[in-house]
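Each remark here refers to the structure printed beneath this line.
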Amino acid sequence: MQQTTTLPQSTVQPALDRQAAGERVAARLKGKVRGRTHTDPLMTYAWSGDASSYRLIPAVVVFVNSEDEVRAVMAAARAEGLPITFRAAGTSLSGQAVTDGVLAVLGDGWRKLEIHPGAGQITLGPAVIVAQANAALKKFDRKIGPDPASQATCKIGGVVNNNSSGMCCGVAQNTYYTMARLRIVLTDGTMLDSGEAASREAFRVSHAAMLEGLQQLHHAVMEDPDLVTLIRKKYRIKNTVGYSLNALVDYHDPLDILIHLMVGSEGTLGFVSEVTYNTVPEHPFKSTALVPFPDPQAAGRAIIEMANGGVQVTTGVTAAEYIERRALATVEHLAPMAPLLPWLTDNSPAVLIDVTAPDLATLHSEVAKAEALLARHGATHVDFSTDEARSHALWDIRKGFFASGGAARPKGTSMLTEDVAAPIERLAEFVADMRALLDGHGYQDAIIFGHALAGNLHFQMSDDFSKPGSAEKFDSFSKALSDLVSVQYGGSLKAEHGTGRAIAPFVEAEWGAKAYGLMWRIKQLFDPEGLLNPGVLLNADDKVHIKNLKVMPPADELVDLCIECGFCEPACPSHQMTLSPRQRIAVTRERERLRASGEDPVRLKRLDEDFQYPGLDTCAVCNLCSIRCPVGIETGTMIIGQRERRRGSMARGVAGFVADHRGAVETIVRGGVGLADLSRAIVPAAAVEVITETARRLTGQRVPRVSRALVQGPGAPQVVPSRQDPRKTGFPVPITQSGRQSVVYFPSCATRMFGAPESQHDLLATPDAMLALLQRAEFDVVVPENLNGQCCGQPFQSKGFPQQAAEVGGALKKQLSALSNAGRLSVVTDASTCAKHLREFPGDAPVLDSSQFLLSQVLPRLTITQKLPVVAVHHNCSAQRLAEQPMTEAIARACADEIAVLASVTCCGYAGDKGLFLPELNAHATRFVKQDIPAGCTLGVSTVSTCASGLSEHAGVPFVGLASLLEWASRPLE
């Protein structure tokens, strides 16, 4: 492409040894940043991809936590001639968050969240996840304007820098229009806070020349009526192509122009360290419907009328998501889709519609209007519902299209995605032309969906970039797409995903030479060295969009569907400590590619060796990643398989010995914990911890850590004999009918070995509390004999010993099935992990977790005699995978006036015995937990005793088993 202005000079030297430069940057930053830096092959590759189809391996990865650290990184990168890319969540779809220079990742220091009085404004740090901000605002019936589909993962820094929008945001509620204040750091290290008068005035003095340059750009635009008309026209629809030129029209003060140019600048102009949003209404009354139409044209006509001429509304139809038939086919197996299937033909699209209102009467009126409109345009089935669970389920499907559509691609291919917008009045024909364009260029597998009220369509397709001709095919398509969208429709080639590397070569075609020249002048004013994200958003290379494309060869059937979107990462306890699920998959793919190609055995050996601790050891294998993943990928299961393959004959022999002598092992472990308890009675607890930490260092972490929160368990409980126990009578059925219902109770090995910390409430240990509750509820209790050593097998499974897990767990399940009288009696256990694992073995016993059984069978038979003011609730990983959260919370609410669910903790990282041998994982996963504990809270609950131990250490209040709390709350008062 022909440029109309001089390009800024990049600091990057053409023949620079990037690896050496990265090492030097890391050396310069030593002592200046508290976050970790990485230059090794494994960790730099782990951070080489975002959610886009591009991959660049950074020379150095550094975690930044303050503005001073940002300045230090800028200085070090400048000195070594490396560019800088700032990264928030890495959910960028156009290649904005990858680099072969310095990758500066946002650490924990950017999590500020402050709701202003009245909730009309909220101030956020760039590392706050969008969904966290909205969760904090929910009780005020407010939210922030941007609502991207990735809001459960994406962070505010990325939302501001990409001017992200979303399903209901439209044009009027994006960051550009709802931002009240921005705090930034420029490349010369200057901080500007647009909300502070002193900061603004100081900047006017120190950067008078820069502001004068912006003033000149403003005058140049305003003196050109054609350019003003073009800019205003372009921003009537969603548009994130190039810089936010509307700032040069909307504002006259160059400082306000500067602040608004930062929005959507994709990290190329400066660093955003804080933003204050004007919040928008989140009406509490909503009705949702997934509405099928006979053909795309009918759906398009209905959406055009619903769009209200493009005017944003907060009452009435606030969202209408177009989903073409091919996209529906990728999710029609999901349960929420079942009611729609009879109404779908081979060409039927559907539109997911939300109607919202401030009150119920208005909602009914608005729904009636929507139903009449839909009927006029031939909708074949209209079924609005206020059922919140149904609405969430349908929207989860829509939000997951990026991943679920990507998972439908052929194995070994990369997913490609774009989002475009056209004037809403042309939507019906635009949909048809987009489909024809995709099919005509050989992307018949593509699916189309999008935020139709804004004329915004997304599409996804796939290709294998390891094959000759695939990049050229994509290049041809991209040029044709640019012509269709930018020229023929006068639309925007990037509606909300940002320009990135994907669209940088086509910015001039969309905007014209004059506006494009303005953009280069803006870049020169802010970043004359080309230090920040060079080549992103503006690029002289007309082939950059087909360079550095991801190759994603098959590596493991368990994870081959992964598109590396990163949706899994917020659930992972080791994310930003070592590796996330996305990164474990990416590194595994690269190792398998190198193994198959044989191209670099030295690098492969290094990756294999270095993967042990970050990839294998620190994975909790909780598989909470599968809950966040729209297609349920279990990265933890892949890691278990890799652990198994690395086990040698000696390790398997040891596992077999332990499995055969697990009773002795339990006795030793429980005795060891008891010895630690005893030693703390003689030697100060801190001294005991120092001694054990020393022993751990001397033995290469082979000695378990002993913390003051680790307490000896009660062992096997004493049970009152029951004449209904078939072992005592010799008959397969009870010979005495007491009128009492019988239940089989299996105290898990974890609750037998590890007890709860002391509290001020005189609580019973979990096994004793369970027996007391069952007897109080008038159950006859059957407990397995010879409990010592009885185990569900999960510890063997997680360590990569499936044979031993099957032997141990299968034997227990067989015994429990016999005790349950071929399934006639319920079997209840007191650890969610144990309940989940036992269900995976064959047998008649219907194994229930304590929360499920206590809520349905025990609590209704009890009288609550005392309550706590507030109790903290942790949902451990197995409880989440069993969907037990409502049950646990219901029991906790019965025992307390208020409950506080831990918002910052997903899996606590204790992960069986990892809290003993890798305590840093537990510490990292619970590093924010004290923020979740409200004033006046003296107790917390979890349904796994080891999780309770780890939480007790880091939360500042003791955590106990659910049964212990319920027993106390229902204890007869004297």
I'd like to check the side-chain contact (heavy atoms from CB on, under 4.5 Å) partners of Ala329; sequence neighbours left out, ordered by chain and number. Arg325, Glu332

So, using side-chain contact (heavy atoms from CB on, under 4.5 Å) as the criterion, who are the partners of Gln132 when residues are at least two apart? Val128, Ile129

Enumerate the residue pairs fulfilling ring-ring contact (aromatic ring centres under 6.0 Å, His included) with a member in residues 283-336, sequence neighbours excluded, ordered by first and then second residue. none

Not counting sequence neighbours, list each pair that qualifies as a ring-ring contact (aromatic ring centres under 6.0 Å, His included) and has a residue in residues 133-161. none

Pairing residues for [X] by the salt bridge (charged side-chain N to carboxylate O under 4.0 Å, His left out) criterion, not counting sequence neighbours:
X	result
Asp147	none
Lys138	none
Arg839	none
Arg409	none

Partners passing side-chain hydrogen bond (donor to acceptor under 3.5 Å, both in side chains) against [X] (at least two apart in sequence or in another chain):
X	result
Ser365	none
Asn246	none
Ser94	Lys494
Ser478	none

Do the ring planes of Phe474 and Tyr443 sit parallel (below 30°), tilted (30 to 60°) or perpendicular (above 60°)?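 Perpendicular: the ring planes of Phe474 and Tyr443 meet at over 60°.
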
Classify the side-chain pair His377/Glu305 by whether it contains a donor and acceptor separated by less than 3.5 Å.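 Checked: His377/Glu305 side chains pair up, N/O donor to acceptor below 3.5 Å.
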
